[in-house]
Q: 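What follows is a single structure, and I will ask about it in a moment.
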Amino acid sequence: MPALDLPFARAAHYRAAHRRDEPGLVGDLLKERGTQVLVVRGNRVAMTGQGVALFAPDDVAHLAVGLHLFLGEADGVAYLAAVLADAEAEPGLDVDWAGLRALDEPDLEQGLVVEAIALAQWHAVHTHCPRCGTRTEVVQGGWVQHCPKDGTNQFPRTDPAVIMAVTDADDRLLLARGPQWGPGRRSVLAGFVEPGEGLEQAVVRETMEEVGVVVDPGTVEYRGSQSWPLPASLMLGFRARATTTRLVRQEDEIAEADWFTRAEMAAAVADGELGLPGRASIARSLIEDWYGSRIEDLPGGGWQAAR
């Protein structure tokens, strides 16, 4: 079975990692009129009516930029991200601001935005050397934080998390709600991979911990991955088959959990009793993978399946 075609899992640019240690790379690119710059404000990106806003360096030279990030190249064009120093301040750009959940762009822009936000989020929370506490210096086009005191380098981190569509012997799907979510909202289970643990082990462990259901390790099947850089996750999607169905919730993690047939899920969504994850999430893709077709949302909370 082919892997899922997932949002935020496509890119059309070359990251050109070999250029990152070029002396003065960012400064040189800011002097080239052909360079394209996207602007990041917190975890949002500048947008226009045509999509992601890409500027010439001179057009955004007036902005209060905290750092520039080298994203790579495509068709001879170099791309930078300008990360605003203060996400709360008004930057003075005639643009809209959109987060990942609102992003529906071609592969080039999508890949650039996800990379830029991931790097920006890393820099926002990692500012000092973890060994000696000295404030680090950003080098290599934004891909390394260097400690000037002890000489160590810190690199962007990615935290692997499994997310799984668990079904039972009758092919019912397990959907659950976290206590932080509103009533009616459901999704598939997910959790971070622990140190020393394989992905399949994490699927089995998280399912047992969160709802008390035993998963057959031999049925754990990889379906695809999606970056979710809020702040630094890589979501690894799986399908798995349970050997038990009795639900014992981990109450601090799971507020509700139930098994759904396809007909039951369709009826619950159509009645407004069940809300599915948004189109941008890998969770939605895993649910539709199980359902067998794309699920179309209708105005007013209705639902239909596109055959």
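Since we're looking at a predicted model, the values are computed, not measured.
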Q: Counting distance only, does the side-chain N/O of Gln226 pair as donor-acceptor with the main-chain N or O of Ile282 below 3.5 Å?
A: yes
Q: Please report the closest heavy-atom contact between Glu105 and Val52, naming both atoms and the distance.
A: OE1-N, 3.5 Å
Q: Side chain of Glu90, backbone of Gly92: donor and acceptor closer than 3.5 Å?
A: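 Yes; at least one donor-acceptor contact below 3.5 Å.
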Q: Looking at Trp181, does the NZ or CZ of Arg177 lie under 6.0 angstrom from its six-membered ring centre and within 45 degrees of the ring axis?
A: no
Q: For Arg131, does the CZ atom have more than 12 heavy-atom neighbours from other residues, nucleotides or ligands under 6.0 Å away?
A: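 Counting other residues, nucleotides and ligands, CZ of Arg131 stays at 12 neighbours or fewer.
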Q: Nearest heavy-atom pair of Ser233 and Thr158: which atoms, and what distance?
A: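 Closest pair (atom of Ser233, atom of Thr158, distance): C-CG2, 4.3 Å.
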Q: Please determine whether the number of non-hydrogen atoms from other residues, nucleotides or ligands lying under 6.0 Å from atom CG of Asp75 exceeds 12.
A: no
Q: For the residue pair Gln145 and His128, confirm or rule out a side-chain donor-acceptor distance under 3.5 Å.
A: no
Q: Can you name the closest pair of heavy atoms from Val188 and Met164 and give their distance?
A: CB-O, 3.2 Å
Q: Does Asn43 have any side chain to side chain donor-acceptor pair (under 3.5 Å) partners at least two apart in sequence or in another chain, and if so, which?
A: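 Partners of Asn43 by the side chain to side chain donor-acceptor pair (under 3.5 Å) criterion come out as none, since no residue qualifies.
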Q: Could you grab the distance from atom CD1 of Ile163 to atom CG of Leu234, nearest 0.5 Å is fine?
A: 11.5 Å
Q: Inspect the surroundings of CD in Glu88 and state if more than 12 heavy atoms from other residues, nucleotides or ligands are less than 6.0 Å away.
A: no
Q: Checking Thr35 side chain against Leu29 main chain: does a donor-acceptor pair fall under 3.5 Å?
A: yes
Q: Within a reach of under 6.0 Å around CG of Asp94, are more than 12 heavy atoms found that belong to other residues, nucleotides or ligands?
A: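 No - once you tally the heavy atoms of other residues, nucleotides and ligands closer than 6.0 Å, there are 12 at most.
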Q: Tell me every residue that passes side chain to side chain contact (heavy atoms under 4.5 Å, CB included) with Pro183, counting only those two or more places apart in sequence or in another chain.
A: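 Side chain to side chain contact (heavy atoms under 4.5 Å, CB included) check on Pro183 returns nothing, list empty.
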Q: Start with the C-alpha gap between Thr167 and Arg241, add the side-chain angles, then the distance that decides, and say whether side-chain hydrogen bond (donor to acceptor under 3.5 Å, both in side chains) holds.
A: CA-CA 5 Å; Thr167 57; Arg241 180 61 58 87; 3.0 Å; yes
Q: Please check if the number of heavy atoms outside Glu251 that lie under 6.0 Å from its CD is greater than 12.
A: no
Q: At their closest point, which heavy atom of Ala53 faces which heavy atom of Val95, and how far apart are they?
A: CB-CG1, 4.4 Å
Q: Sequence neighbours left out, what passes side chain to side chain contact (heavy atoms under 4.5 Å, CB included) with Ala280? Give chain and number order.
A: Phe8
Q: For side-chain contact (heavy atoms from CB on, under 4.5 Å), just list the numbers for Glu200 and Glu221, CA-CA rounded to whole Å, side-chain angles, deciding distance to a tenth of an Å, and then say yes or no.
A: CA-CA 8 Å; Glu200 294 81 3; Glu221 178 187 8; over 6 Å; no
